There are 2 protein chains.
Amino acid sequence: MLDYDPATCAIGGAVAILGDRPTFLVLREAFMGVRRFGDMLRRTAMPRQVLADRLAHLVAEGLLRKAAYRDAGQRTRHEYRLTAKGLDLYPVLVALMQWGDRYAAGSAGAPILLTHRDCGEPVTLGLVCGARHELDSARDVTPLPGPGARKIA
Amino acid sequence: MLDYDPATCAIGGAVAILGDRPTFLVLREAFMGVRRFGDMLRRTAMPRQVLADRLAHLVAEGLLRKAAYRDAGQRTRHEYRLTAKGLDLYPVLVALMQWGDRYAAGSAGAPILLTHRDCGEPVTLGLVCGARHELDSARDVTPLPGPGARKIA
DNA sequence: CAGTATCCCAAGCGATACTG
DNA sequence: CAGTATCGCTTGGGATACTG
């Protein structure tokens, strides 16, 4: 067991930003290409206030940005788009989806299939080491103190 | 944009089980090898009640199991260990950690380094397709309706 | 349409004390 | 040591109404 400092572990920091359930759902919608307030409201079925809060939070954290756009002949509206920081969260969402497909899904199978845009093959998330070995389980990983390690408790 | 049914997306199911911040922290500790109530209490600095709740929840969901053990000459105690279902959550935690190291960490760098047990090389989580292409971004992924798809909203 | 304002109520936190 | 019991209090959810 690694003797690391829980306070510095990045999981805590990440979870502090991502926060709670509604936030994850908003991010899911964003990755699915939903960009408008009303669409998110309908699809996530969360109260307006909650959605507004989470969107504001995600914008403040730099995961989403508010972008103006105008359809021809319409007045200006705006939409929420993922920033680079937000896009980099993709593995987290995919990992959740893969686990959910396996353990929290109905018997019907995965409702969404991720495929490689270039070749069409299904995409999965996996652990790979620097020597290109593919690891199957958490048991194949040894955690060590990193550059920013401070051992405490 | 994929026209999927938000209600059946496995991300929702996964997040419904994993729940909230404290739950993630408990899981983090479990993956770090912390198994005892008191250790988790001290390291996560959460109220006893909250920890007890989350542990019970994770046991009920089948992510942790309570195992009895006895050190020589001591009375029986028990500890919390990850089940297979819990261990399979590892990519989620690693993904959170990688993102946190990049965006939520101090300047000191990652406090924890994951290495391959067999060869010692650093381990990373990545998207790979069936044709062994490595994908860099969410933009390289095309979501399609899967076997369990029901399109609604 | 895209939010903000308001209000009420339920859930959950945090502290302290107690039990096996 | 490993929890359970209790409690005050704050946070945050959910509904409704209002504004640009």
Side-chain angles (χ1 to χ4, degrees), chain A residues 1 6-7 12 15-30 33-61 63-82 153, chain B residues 1 6-7 12 15-30 33-61 63-82 153:
Chain A
M1 166 188 154
V15 172
I17 290 175
L18 304 183
D20 47 12
R21 251 169 301 226
T23 305
F24 274 104
L25 297 185
V26 170
L27 286 169
R28 178 190 68 187
E29 294 305 312
V34 180
R35 291 172 181 168
R36 298 214 266 277
F37 189 90
D39 290 334
M40 288 197 182
L41 198 62
R42 178 173 41 85
R43 298 168 59 93
T44 63
M46 65 178 71
R48 322 170 63 75
Q49 202 65 247
V50 174
L51 177 57
D53 282 356
R54 295 313 185 278
L55 286 171
H57 172 72
L58 288 171
V59 169
E61 290 289 349
L63 306 195
L64 296 179
R65 68 193 164 82
K66 219 167 168 176
Y69 74 98
R70 181 175 5 216
D71 289 338
Q74 302 290 326
R75 64 183 170 88
T76 299
R77 301 188 182 286
H78 46 293
E79 57 184 12
Y80 295 89
R81 311 194 56 146
L82 286 161
Chain B
M1 166 187 154
V15 173
I17 290 175
L18 303 184
D20 47 10
R21 251 168 302 225
T23 304
F24 275 104
L25 298 186
V26 170
L27 286 169
R28 178 189 70 186
E29 294 304 312
V34 180
R35 291 172 182 169
R36 298 215 266 276
F37 189 90
D39 290 335
M40 289 198 181
L41 197 62
R42 178 173 40 88
R43 297 168 61 95
T44 64
M46 65 179 69
R48 327 170 59 75
Q49 203 65 248
V50 175
L51 177 58
D53 282 355
R54 296 314 186 278
L55 286 171
H57 172 72
L58 289 171
V59 169
E61 291 290 348
L63 306 196
L64 295 179
R65 68 190 165 83
K66 218 166 166 175
Y69 74 98
R70 180 174 7 215
D71 288 337
Q74 302 289 326
R75 63 184 171 88
T76 301
R77 301 187 182 285
H78 46 294
E79 57 185 10
Y80 295 89
R81 311 193 58 144
L82 286 161

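What you see is a predicted model; the values in this text were computed from it and never measured. Each chain gets a letter, A, B and so on, in the order its sequence line appears, and its residues count up from 1.
Summarising the geometry of B/Asp39 relative to B/Arg42, their closest heavy-atom pair is OD1-NH2, 2.9 Å, with the distance given to 0.1 Å. Summarising the geometry of B/Arg21 relative to A/Val15, their closest heavy-atom pair is CG-CG1, 2.9 Å, with the distance given to 0.1 Å.
Remark: C1' of C/dC1 and CZ of A/Arg36 are 10 Å apart, rounded to the nearest angstrom. Regarding A/Gln49, its CD atom lies at a distance of 11 Å from the C1' atom of D/dA15, rounded to whole Å. Atom CG in B/Asp20 sits roughly 15 Å away from atom P in C/dA11 (whole-Å rounding). One interatomic measurement links the two molecules: CG of B/Leu51 to C1' of D/dA2, which rounds to 10 Å at whole-angstrom precision. Atoms CG (A/Asp53) and C1' (D/dG14) sit 12 Å apart, rounded to a whole Å. Between A/His57 atom NE2 and D/dT11 atom C1' there is a gap of 15 Å when expressed in whole angstrom units.
A donor-acceptor pair under 3.5 Å is absent between the side-chain atoms of B/Arg54 and the main chain of B/Asp20, judged by distance alone. B/His57 places no side-chain N or O within donor-acceptor distance of the main-chain N or O of B/Leu18, the cut-off being under 3.5 Å.
For B/Arg48, counting side-chain heavy atoms from C-beta on, the closest listed nucleotide (D/dG3, D/dG14, C/dG3) is D/dG3. Side chain of A/Val50, nearest nucleotide from C/dG3, D/dG13, D/dG3: D/dG13.
The phosphate of C/dC1 (OP1 or OP2) has no side-chain N or O of A/His78 nearer than 4.0 angstrom.
Using a 4.0 Å heavy-atom cutoff across all strands shown, A/Arg54 reaches sugar-phosphate atoms only and no base atom.
Across the strands present, D/dG20 finds its partner in C/dC1; the criterion is a Watson-Crick or G-U wobble pair with both atom distances under 3.5 angstrom.
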